[in-house]
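For ligands, and for the atoms within them, numbers begin at 1 and follow the listed sequence. Counting from 1, the numbers follow the sequence of the chain as shown.
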Amino acid sequence: PSRTDVPEVNSELRIAVLGVGRMGADHVQRITRTISGARVAVVNDYVTERAHEIAGTVPGARVVEDPLDAIADPEVDAVVLATPGPTHEKQLLACLEHGKPVMCEKPLTTSVETSLEVVRAEAATGKKLIQVGFMRRFDREYEQLKALLDSGDLGRALVVHCAHRNPDVPSHFDSAMIVRDSLVHEVDVARFLLDEEITKIQIIAPSANPAAPKGLRDPQIAIFTTESGRHVDAEVFVTTGVAYEVRTEVVAERGSAMIGLDVGLVRTSAPGVRGGTITPGFIERFGQAYDVEIQRWVDAVHAGAETGNYVDGPGAWDGYAAAAVCEAGVLSLESGEPVAVDMVARADISGA
Ligand code: ISE
């Protein structure tokens, strides 16, 4: 719906951005420069100087030092959570308690139990207040791939191959984080494209990249089995030293389709060189997706006062499902064996 035909709490949504590291700071700039119908009113970070530095770049933004005070602030209409994962549970529950719509960067929370608790707490409000930052669903190519599959032109999808490569990762990244932080996007892509849950996962770690930090099990190969028995494989390799590459290929009954070749401009020049450039990181590769994700979320929050649905995209359930698959993935990484995903049935939680 256009924003003119729905009642609005405020013509401009006043957003609190909690956590202004790389992703949060990027969202502050996006909301300030690109998004319409919203502005950053409050900035919070556990490093107060960082909060002041970022708030200083936005006219009218102020710093609130306690994240829970920022959520409760009467002059805040909605929240963007880009804080570290372990703080999400408490902050999400506070958003629900105050009825504040929230766009939460993944992970929803850092354990399956707490993710389920958040799903149940949201369901109890009778509203959809939590969106989870699986931004790939808003990427033009993923949208095209999904539309192609839904059109039925290729018949039923049978197999999905994914490659997810980062040039490098922060020094605190460990082998389980490759699952929970990186592979988690392939988990969401598989659920999004195939429209069903993942029931089993196996992760194999071949010989590690000699250039990876000692002990880091990188690359990893994950294999998912879905409810109906379809197969998804994903190579995740986070220390390639090359660039950021995310590719997905779907093999279906009547053909296949691939996205993520990152071709852009292809230059041919002497002596015998042909090629282009690859995006350096996820901020650049998925910039368009983040813009669409946040704009659609802002529009959904405006419309939510009437509908009770403040979400346009993946919600708490998707965050919970991803957490459950990753939990099983980490166990499989340790044992090398396939591990069944332990999840409650969605139908068992009314309103989820
Ligand atoms: C990072 O946290 C992300 O979310 C990126 O999308 C992903 O590609 C990267 O591997 C993660 O570290």
Side-chain angles (χ1 to χ4, degrees), residues 17-27 30 80-88 103-110 115 131-143 160-193 203 205 208-209 211-213 216-222 232 234-248 259-262 278-294 313-314 318-319 321-323 325-326 329-330 333:
V17 180
L18 274 55
V20 285
R22 191 169 175 193
M23 201 63 245
D26 195 52
H27 283 324
R30 167 170 298 108
V80 169
L81 271 194
T83 45
T87 61
H88 286 183
M103 163 76 217
C104 174
E105 283 300 339
K106 52 94 213 179
L108 182 66
T109 71
T110 44
S115 286
Q131 181 156 339
V132 179
F134 288 127
M135 76 297 187
R136 290 193 192 174
R137 296 188 185 210
F138 303 91
D139 173 70
R140 203 170 292 125
E141 289 190 329
Y142 277 103
E143 281 183 335
V160 184
H161 302 293
C162 309
H164 182 154
R165 304 190 189 130
N166 291 16
D168 51 36
V169 278
S171 54
H172 65 274
F173 231 76
D174 61 23
S175 303
M177 282 183 77
I178 296 180
V179 179
R180 296 188 204 274
D181 247 70
S182 301
L183 180 70
V184 66
H185 286 288
E186 310 309 325
V187 171
D188 189 62
V189 158
R191 296 181 60 255
F192 172 59
L193 293 177
I203 301 188
N209 176 18
L216 190 68
R217 304 183 70 186
D218 185 50
Q220 297 179 10
I221 311 291
V232 179
E235 169 217 313
V236 184
F237 184 7
V238 300
T239 60
T240 66
V242 178
Y244 188 71
E245 296 171 87
V246 168
R247 279 202 282 282
T248 303
I259 58 167
L261 292 176
D262 220 357
I278 316 174
T279 45
F282 50 88
I283 298 272
E284 299 81 6
R285 166 68 178 83
F286 288 111
Q288 168 267 333
Y290 291 123
D291 287 350
V292 175
E293 172 189 61
I294 300 294
D318 301 292
V325 176
C326 289
V330 170
L333 182 64

Closest to atom 6 (O) of ligand 1 among protein heavy atoms sits His185 NE2, 3.1 Å

Can a non-hydrogen atom of Asp181 be found less than 4.0 Å from any atom of ligand 1?
-> yes

So is Arg136 in contact with ligand 1, going by heavy-atom distances below 4.0 Å?
-> no

In ligand 1, the atoms that come under 4.0 Å of a heavy atom of Phe173 are 12 (O)

Would you please determine whether Tyr244 falls within less than 4.0 Å of ligand 1 on a heavy-atom basis?
-> yes

Check whether any heavy atom of Met177 sits under 4.0 Å from an atom of ligand 1.
-> no

Please state which protein non-hydrogen atom is closest to atom 7 (C) of ligand 1 and give its distance, to 0.1 Å?
-> His164 NE2, 3.4 Å

Picking from Glu105, His88, Met23, what satisfies side-chain contact (heavy atoms from CB on, under 4.5 Å) with Thr83?
-> His88

Determine, for Phe282 and Arg136, whether the Lys NZ or Arg CZ falls below 6.0 Å from the six-membered ring centre while staying within 45 degrees of the axis.
-> no

Which protein heavy atom lies closest to atom 9 (C) of ligand 1, and at what distance to 0.1 Å?
-> Asn166 ND2, 3.2 Å

Within 4.0 Å of some non-hydrogen atom of Met135, the atoms of ligand 1 are 6 (O)

Residue, atom name and distance, where the atom is the protein heavy atom closest to atom 5 (C) of ligand 1 | Phe282 CD2, 3.5 Å

